[in-house]
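Notes follow once the structure below has been shown.
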Amino acid sequence: MTPQDVLAELTALQRDDVPTHGGATMAYVYDSGRTEVDELAAAAQAAFQWTNALDPTAFPSVARIENDLVGAALELLGGGPDAVGTLTSGGTESCALAVLAAREQWRARGGAGRPRMLLPVTAHAAFRKAAHLFGVEVVDIPVDPETCRADPSAVVRQLDERTVLVVVSAPSYPHGVLDPVGRIAGLAAGAGVPCHVDACIGGWVLPFLDDVPEPFDLSVPGVTSLSVDLHKYGYAPKGVSVLLTATPELRHAHWFSTAGWPGYPVVNPTLAGTRPAGVMAAAWAVHRWLGTDGYRDLARRAREATVRLAAGAAAVDGLRVVGRPVATLVALAADGPDGVDVLHLADEMTARGWLLQPQPPFAQDVGDLPATLHLTVTAATADRVEALLSDLRGAARAAAALPRPVPDPGLVAAAATIDPAALSVAEVEALLELAGVSGGSLPERMAPVHALVAALPRPVAERLLAGVLGRVYRPALSG
Ligand SMILES: Cc1ncc(COP(=O)(O)O)c(C=O)c1O
């Protein structure tokens, strides 16, 4: 075989993937629509692909790259004179390290008992993962069912001496709305509790827009840390994010160092040991190339497309836009009880070549959140808004003609009696067969599956969802 043959095989593996470019995949990927950005990123990544950012004293280039990118993020996002930061592998790691740092600082101050984190239900699931990993209890903060913004009065009620962190989103992933950052950060500060702004998705967009309703960054009193992903609207390849902290002490609280083994002295600013420098270099190159003007242009194009898209979608019979989208994300819901079922709508849009992400309904004490369809708009979608709206109108008509997806009541009743922790892998497989998910691939129409998942008790749904992925990841053995 030649290397070209191998590459051709690899490329063929992508045949069934959703497109990463062209603006029709409206989750997971961020396309600037500029080929020179992609080419530059690829070349930069190749130049640094063997470099290990584990040790910036052996590779001073990686320290320079990290310092430049953290400095740029601080300048963009209101960092004060003491603020510092760290490059991480992505949004989940940035959020996790923010939680770890807050917990460690609380412990260092003498905090006792089980640490708690106040988390708006719309905050990214990464914080739930962090809570799971670091032994932190999650206290759900409800959001207003109309605006989907976190409720400051619930924060007031829940702040106590075990609270290590309060989280807000700028904006939230599910609905693209901005939490009341100033109010909540102020309340947290009043109680001596740190406040993290998750700007993973909005942090490289909002600073370039004129119509942001309120300040949200590190300059807001009470905000102690902020996450922003370069692999989202920084238009860098996957695997790079920034965690900013208002003080070096808070950054130190998520670092790990040990001299307690016979090997090399270890200082890890992130969860990883070896850190890939390639993607950091790619982010540096894209940032250097686009500069403030380039990012402003891309952010404004995506924002302008979002506003057009939201207005067009709101005019479709049976659909409404949820809350007030402030950046480049839109969530669509059924307009009233007879509105279009958005789970069907997702399937209809898939059939028309678009990936819009279905989000299940969500129950909370102060009023449930409806099922929604999430759209992440990037610069590449800007030229296709009319085509998207035209397909959305057709898809909405088709979805409205379908019977609502209703989960099998027998299955739901049976699931309510299950203890998911006691299920073996084989039993999960059997349940998935019953639910109509068989073989290694998912059904073409996902609406019934999403409706079933939404009707199950959350722990059961979580176990079954993991089971679905267990079917996808099966070792391919050549013998
Ligand atoms: C607001 C927010 N936070 C955190 C994350 C997690 O980021 P990642 O997927 O890079 O781990 C996302 C991802 O979309 C996000 O939108």
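Whatever order the structure lists them in is the order used to number ligands and atoms, beginning at 1. Index from 1, following the sequence.
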Walk me through whether His196 and Phe127 qualify under ring pair (Phe, Tyr, Trp, His ring centres under 6.0 Å). CA-CA 11 Å; His196 179 80; Phe127 292 97; 5.8 Å; yes

Do the non-hydrogen side-chain atoms of Leu332 and Thr372 ever get within less than 4.5 Å of each other? no

dist Asp140:CG -> Met117:CE (nearest 0.5 Å) comes out at 10.0 Å

Quick check on the 6.0 Å ring-centre criterion: do His287 and Tyr235 meet it? no

What is the closest protein heavy atom to atom 11 (O) of ligand 1, and at what distance does it sit? Thr92 OG1, 2.5 Å

Regarding ligand 1, does Gly91 bring an N or O atom to under 3.5 Å of one of the ligand's N or O atoms? yes

Counting N and O atoms only, with roles assigned by atom type, does the side chain of Arg300 sit under 3.5 Å from a partner on the main chain of Tyr295, one being a donor and the other an acceptor? no

Under a 3.5 Å distance rule, please check whether Asp151 uses its side chain to pair with a backbone N or O of Ser153 as donor and acceptor. yes

Among non-hydrogen protein atoms, atom 12 (C) of ligand 1 lies closest to His124 CD2, 3.2 Å

Per-atom filter on ligand 1: closer than 4.0 angstrom to a heavy atom of Asp229 are 7 (O), 10 (O)

Please determine whether any non-hydrogen atom of His231 lies less than 4.0 Å from an atom of ligand 1. yes

Looking at atom 16 (O) of ligand 1, what's its closest protein heavy atom, distance included? Tyr173 CD1, 3.2 Å

Option of least heavy-atom distance to atom 2 (C) of ligand 1 (set: Leu230, Asp198, Ile201): Asp198

Which residue owns the protein heavy atom closest to atom 7 (O) of ligand 1, what's the atom, and how far is it? Lys232 NZ, 2.9 Å

